[in-house]
Amino acid sequence: MGVRGLQGFVGSTCPHICTVVNFKELAERHRNKHPGGTPTIVVDAMCCLRYWYTPESWICGGQWREYFSALRDFVKTFTAVGIKLVFFFDGMVEQAKRDEWVKRRLKNNREISRIFHYIKSHKEQPGRNMFFIPSGLAIFTRFALKTLGQETLCSLQEADYEVASYGLQNNCLGVLGEDTDYLIYDTCPYFSIGDLCLESLNTVMLCREKLCESLGISLADLPLLACLLGNDIIPEGMFESFRYKCLSSYTSVKENFDKKGNIILAVADHISKVLRLHQGEKKLEEMLPLGPNKALFYKGVASYLLPGQISPWFFQKPKGLITLDKQVVSMNSDPESEQEVPMCTDPESKQGVPMCTDPESKQGVPVCTDPESKQGVLMCTDPESKQGVPVCTDPECKQGVLVCTDPESKQGVPVCTDPESKQGVPICIDQESKQGVPMCTDPESKQGVPMCTDPESKQGVPMCTDPESKQGVPMCTDPESKQGVPMCIDPESKQGVPVCIDPESKQGVHSKSKQEVPMCTHTEIKQKLPLGADPEFELEAPMCTDPAVKQQDLMNMEPEVKQVTMVSDPEILKVARAQHVQAESYLVYNIMSSGEIECSNTLEDALDQALPSQAFVYRPVRQRVYSLLLGDGRDGTSTCPTVKEWFVYSGNPLRHPDLVRPLQMNIPGGTPNLKLLWLNQEPGIQGRRLDALLGCFDLSSSREELQAVENPFKALCCLLIYLFVQVDTLCLEDLHAFIAQALCLQGKSTVQLADLQLDYIDPRAVQLGSLLVRGLTTLVLVNSACGFPWRMSDFMPWNVFDGKLFHQKYLQAEKGYTVEALVEQNRSRLTKFHTLKSVVCKACVKENRRIISRQLWRSHQPGNRQYEPDHWRRHSSSSGWSN
């Protein structure tokens, strides 16, 4: 996490950058400096989960009551000294960091394998050195903090960037976390959660200014240093040879420095003494061995630049920021960018005109301001009108080309003069010939399309490029799709006929042919794909352009910003986005915006084939959620979408995501639309929301029985019915343990739960505990997608599940304890036990699933039972699962 080797370097080589501070004293100083302001600490919650999880037991599925109590104490301690906390959680994994995410998940798999090996050998929980956070901890921590009244936010990109941005823009007291990236960001002070003493409120502040002083570099150099060392975006091995070259030429090596420390000092020395000599004169790729990794490297550096910040290492300033010419002394303040810009005098108007430096000629060139983008645009003087005319630079000939403004996009478009009309005609650059080609405007897309001249009519005809011949081909508009389709000349009629490309012969065929395949161009990979096809998998996956995103915005977007969404309704997307940011939902916006979700590791025994991975058990539920959110393509008006799932399970190398189709839902009255579920406030709609929720679990037939169950057991019963229908290897003793622990939990204090002692740890019970908790997170997803028919509190684990208590009941049920003993001889609990058991068993019978005792099972299966790998898959034929 963070910059490779920097944490160890700080501890061993630069301990002086760490200062012990007291939050109470810092808050007092902040109030004195900013009267009326509230001292605020922005918390990277993902870094704090290990610190917050203080319960001794972690192997059984989580001690959720104890954990909730620890969170409450944490919040109270800061509130007592007048400090406001704002918590950020990761909302999605950026594509640039996917490889790092996969690397960590595979490492976690190995750790989990060692944990189960230890449990089987010792029948006890491993030591804290093998600690693994309980499944669902991050998800339920969000809701716990919201329950405690805390401002809790979920990021739209990597959380550390949003944490650093929030801290800078809101003048926060500091960032609380455990990530060396916060030493790189130029933001508010960085405090360590790992060194926090909650009783005294003392912790360690890591000073980036002192780090720079020790390394002999400036704050603006830190992003460059981080990328050369390696981080979550730049693989550590990318610049390994470069770092060792720096080390070999570094003359200030001291014997007591470790190798990592030496390398960091050597790279910093190279930045300060070598690279800085050419800063602003040469591009980074001319000074560093970037090779094919240039784009990734620039992206890595830019990932540390917070809003309003620029890097001196970018030779060409992004988004219109200008490089100062050393010869210009007249300066003016740009009201848009709030920066100083050089000025020159217009000889005609005698007024000051902003200037920038032409990177080719190194001379000052006047600029004007584009009213739409607010960016500087180069100008030249029109010899006819004597007025300034905007120009752009032809990347091939390096010369200025006149531009006009496109009325649709409001952007500058190069023009040439039509020799016939003597008027300016928009042009684009042909990538093959590098020459200007006239353009016309497509009336449907409002975008420029290359033209050729029809020799018969002498009029301009739109054209596209044949990928085989690299030559221009005339186009016509398909009346159905309203898209351009290549044409050829029919030798009979002498008229243009639409064609498409036969994927086998690579040749054009008439659209009347049975080989017809409508084609579209994938904007990212520049390949032609069958219309609606997913480029990674031969399944239909429609992607709709977000209408809220303007064309000019797309030009300036960073690659990780989603340009397309799976859902085109802006009102629904706005609601989903707001709920995501406010941490009120789970995965819904990810599905609707990018069609890509992930789930981290779960404590599952890879060697136990009798119990399935939670990734497969709950996949049919997710598939029905996809159908609800995206449609299933069965209405004939759209193609069937697919969702990319990055779920960790045994045997999955995570080289690519699983591509999962929606599963048709069976809901009385049909599947309701999202506007009805999310926006309609009429009294009867809550019933439709419940129908949708039960439809996601395929339990519509059990609606009446579940409605009769009291809270908070209603949601638990729904989950248990689904689990026992889905997994054949669950038995009656398992059901008894699940129900008994939920009932007994209601009457126990946090202290009683903490003092609970177990005879031993059973590996199967460990996996069952994790399986149930992942089911609770699935309930959060379904409840969010259906418009919240149930209260979220009803399936928060501190209300319905405790790991050690479940483990105790599981061991007792395995030993043959009576039901009375399981509910601890409590008559009220016994009555509720039989009620809940009856609801689950009757619902399972409706699905042809009879739950039997393990003792009865064993009497029919003498010896050790050999489970088939997919024996538990009751509905594999209808679920759409891929093996």
Side-chain angles (χ1 to χ4, degrees), residues 49 53 58-64 67 89 105 108-109 112 115-116 132-144 585-588 590-591 597-606 608 610-626 643 645-650 652 654 658 660 693 696-697 715-727 729-730 734-735 737-738 741-742 763-785 792 794-803 806-807 810 872-873 879 881:
L49 296 177
Y53 192 86
W58 49 268
I59 197 74
C60 300
Q63 301 309 110
W64 296 97
Y67 180 65
F89 288 81
R105 301 292 76 78
N108 289 158
N109 275 347
I112 290 172
I115 288 171
F116 274 98
F132 198 87
I133 64 172
S135 301
L137 192 68
I139 300 160
F140 291 120
T141 302
R142 300 182 203 171
F143 292 99
S585 65
Y586 171 56
L587 293 183
V588 171
N590 307 61
I591 295 166
I597 62 172
E598 55 276 322
C599 181
S600 189
N601 304 76
T602 304
L603 280 177
E604 296 175 341
D605 186 3
D608 185 356
L611 281 178
S613 169
Q614 64 87 20
F616 293 115
V617 172
Y618 299 113
R619 178 174 282 179
V621 181
R622 297 194 301 274
Q623 288 176 285
R624 296 186 188 99
V625 170
Y626 302 156
V643 175
E645 290 190 347
W646 294 90
F647 274 62
V648 182
Y649 53 85
S650 176
N652 183 8
L654 294 172
D658 292 334
V660 182
L693 183 146
C696 289
F697 287 95
L716 179 66
C717 279
C718 172
L719 184 57
L720 290 177
I721 294 168
Y722 177 82
L723 272 177
F724 278 79
V725 168
Q726 198 71 19
V727 185
T729 52
L730 294 177
D734 299 330
L735 179 62
F738 279 128
Q741 68 85 30
R764 185 175 182 275
V766 168
Q767 186 162 343
L768 283 181
S770 294
L771 182 62
L772 185 85
V773 172
R774 285 298 187 194
L776 295 175
T777 66
T778 304
L779 265 169
V780 175
L781 164 63
V782 175
N783 201 49
S784 306
M792 284 290 195
D794 288 344
F795 36 90
M796 291 298 109
W798 46 88
N799 291 327
V800 293
F801 180 78
D802 180 87
F806 167 71
H807 217 94
Y810 177 89
W872 47 271
R873 295 184 183 177
S879 66
W881 293 343

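If you read the sequence from its start, that first residue is 1, and numbering goes on from there.
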Salt-bridge criterion met for R619 and E645 (N-O under 4.0 Å): yes
With no hydrogens and no angle check, is any side-chain donor or acceptor of [X] less than 3.5 Å from a backbone partner on [Y]?
| X | Y | answer |
| --- | --- | --- |
| Y722 | G775 | no |
| N108 | N601 | no |
| Q767 | E604 | no |

Relative to the ring of [Y], is the ring of [X] parallel (under 30°), tilted (30 to 60°) or perpendicular (over 60°)?
| X | Y | answer |
| --- | --- | --- |
| F806 | F801 | tilted |
| Y67 | W64 | perpendicular |
| F738 | F724 | perpendicular |

Are R622 and F647 in a cation-pi setup, meaning NZ or CZ lies under 6.0 angstrom from the ring centre and within 45 degrees of the ring axis?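 Because its charged atom sits under 6.0 Å from the ring centre and within 45° of the axis, R622 does stack over F647.
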Derivation and outcome, side chain to side chain donor-acceptor pair (under 3.5 Å), residues D802 and Q741: CA-CA 7 Å; D802 180 87; Q741 68 85 30; over 6 Å; no
Return yes if a side-chain donor-acceptor contact under 3.5 Å exists between Y618 and Q623, otherwise no.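 No pair is found: no donor N or O on one side chain lies under 3.5 Å from an acceptor on the other.
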Taking atom types as modelled and ignoring hydrogens, do the side chains of Y649 and N109 form a donor-acceptor contact shorter than 3.5 angstrom?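 Y649 vs N109: no donor-acceptor pair found between side chains.
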R142 and Y586: side chain to side chain donor-acceptor pair (under 3.5 Å), yes or no, with the steps? CA-CA 10 Å; R142 300 182 203 171; Y586 171 56; over 6 Å; no
